[in-house]
Amino acid sequence: MKSTTISHLHQWKASGYKFATLTAYDFSFARLFANEGIRVMLIGDSLGMTIQGHKSTLQVTVTDIAYHTAAVRRGAPQALLMADLPFMSYATPEQTFESAAQLMRAGANMVKLEGGEWLAETIRMLTERAVPVCGHLGLTPQSVNIFGGYKVQGRDEAATERLLADALVLEASGAQLIVLECVPVSLALRITQALKIPVIGIGAGNVTDGQILVMYDAFGITSGHIPKFAKNFLEQTGNINSAIRHYIAEVETGTYPANEHSFQ
Ligand code: KIV
């Protein structure tokens, strides 16, 4: 199979094909995911919680993400890899360039950063310098201390309009993809329809162009609070390979996420 590129994602959106993506952090799972048909993977700063055991993503460094990105790249040479710019690694232009360079050199195809309109200039500077960008809106975990917890976003009229406006600004600034986390389905639909670029949802209903799950949530081995949008595909299948195939099929058909995994 040929390498997956951002153009594929844009074609998938245009054709209405709903695509499944996963977080990946290591060689072995990346290889297994790629073999089962996952063509887009995120080396997410969720690794601060899932791998490192922290309570939030704030402890994660660029070096951590680069280390895991290199391992995932070895396991999935043809996948499109998104790597998270972690907390405070894109606070100044110099820092942003250095952080993005480290992740791209490790094997990422694009970087993801969390936030709205205030990131417009950062996104423009990165894309002008040949670093493709994925935006991340809604529940952005790096802002947990501002939000006062991991809460659904975009609940009232003002927040809805702000998120829609943010999404349009990110697209206009050059972002090629958006991750939309924990927002009501009606808002996810508005954003997905308003944007030309693909929207990947998590806790945003089955109306987005693609889905992403933290891999541990897909296998039911998340410790502590289990998010409403999580589904244990291992429970229904009994083996990891089959769980991944079910996840892909359920995303493609829109069966997952169901109403019970979504916010109204
Ligand atoms: O860090 C991560 O894994 C993420 C996903 C939850 C989208 O950002």
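Source: prediction; values computed, not measured. As the structure lists them, so they are numbered: ligands from 1, and atoms in each ligand from 1.
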Spatial distance of atom CD (E36) from atom CD1 (I248) [nearest 0.5 Å]: 7.5 Å

Would you give me the side-chain donor-acceptor pairs under 3.5 Å for residues 131-148, sequence neighbours excluded?
| from | atom 1 | to | atom 2 | distance (Å) |
| --- | --- | --- | --- | --- |
| H136 | ND1 | K112 | NZ | 2.7 |
| H136 | NE2 | L139 | O | 3.4 |
| H136 | NE2 | E181 | OE1 | 2.9 |
| Q142 | OE1 | Y90 | OH | 2.8 |
| Q142 | NE2 | D45 | OD2 | 2.7 |
| Q142 | NE2 | L85 | O | 3.1 |

For each nitrogen or oxygen atom of ligand 1, which protein N/O atoms lie closer than 3.5 Å, and how far apart are they, rounded to 0.1 Å?
| from | atom 1 | to | atom 2 | distance (Å) |
| --- | --- | --- | --- | --- |
| ligand 1 | 1 (O) | D45 | N | 3.1 |
| ligand 1 | 1 (O) | D45 | OD1 | 3.1 |
| ligand 1 | 1 (O) | S46 | N | 2.9 |
| ligand 1 | 1 (O) | S46 | OG | 3.3 |
| ligand 1 | 1 (O) | D84 | OD2 | 3.1 |
| ligand 1 | 3 (O) | S46 | OG | 2.5 |
| ligand 1 | 8 (O) | K112 | NZ | 2.9 |

D217: partners by side-chain hydrogen bond (donor to acceptor under 3.5 Å, both in side chains), with sequence neighbours left out: T222

Taking every non-hydrogen atom, the tightest pair across Y247 and Q211: OH-O, 3.4 Å

Residue among L234, L22, N239 satisfying side chain to side chain contact (heavy atoms under 4.5 Å, CB included) with I244: L22

Under the side-chain hydrogen bond (donor to acceptor under 3.5 Å, both in side chains) test, residues paired with N232 that sit two or more places apart: none

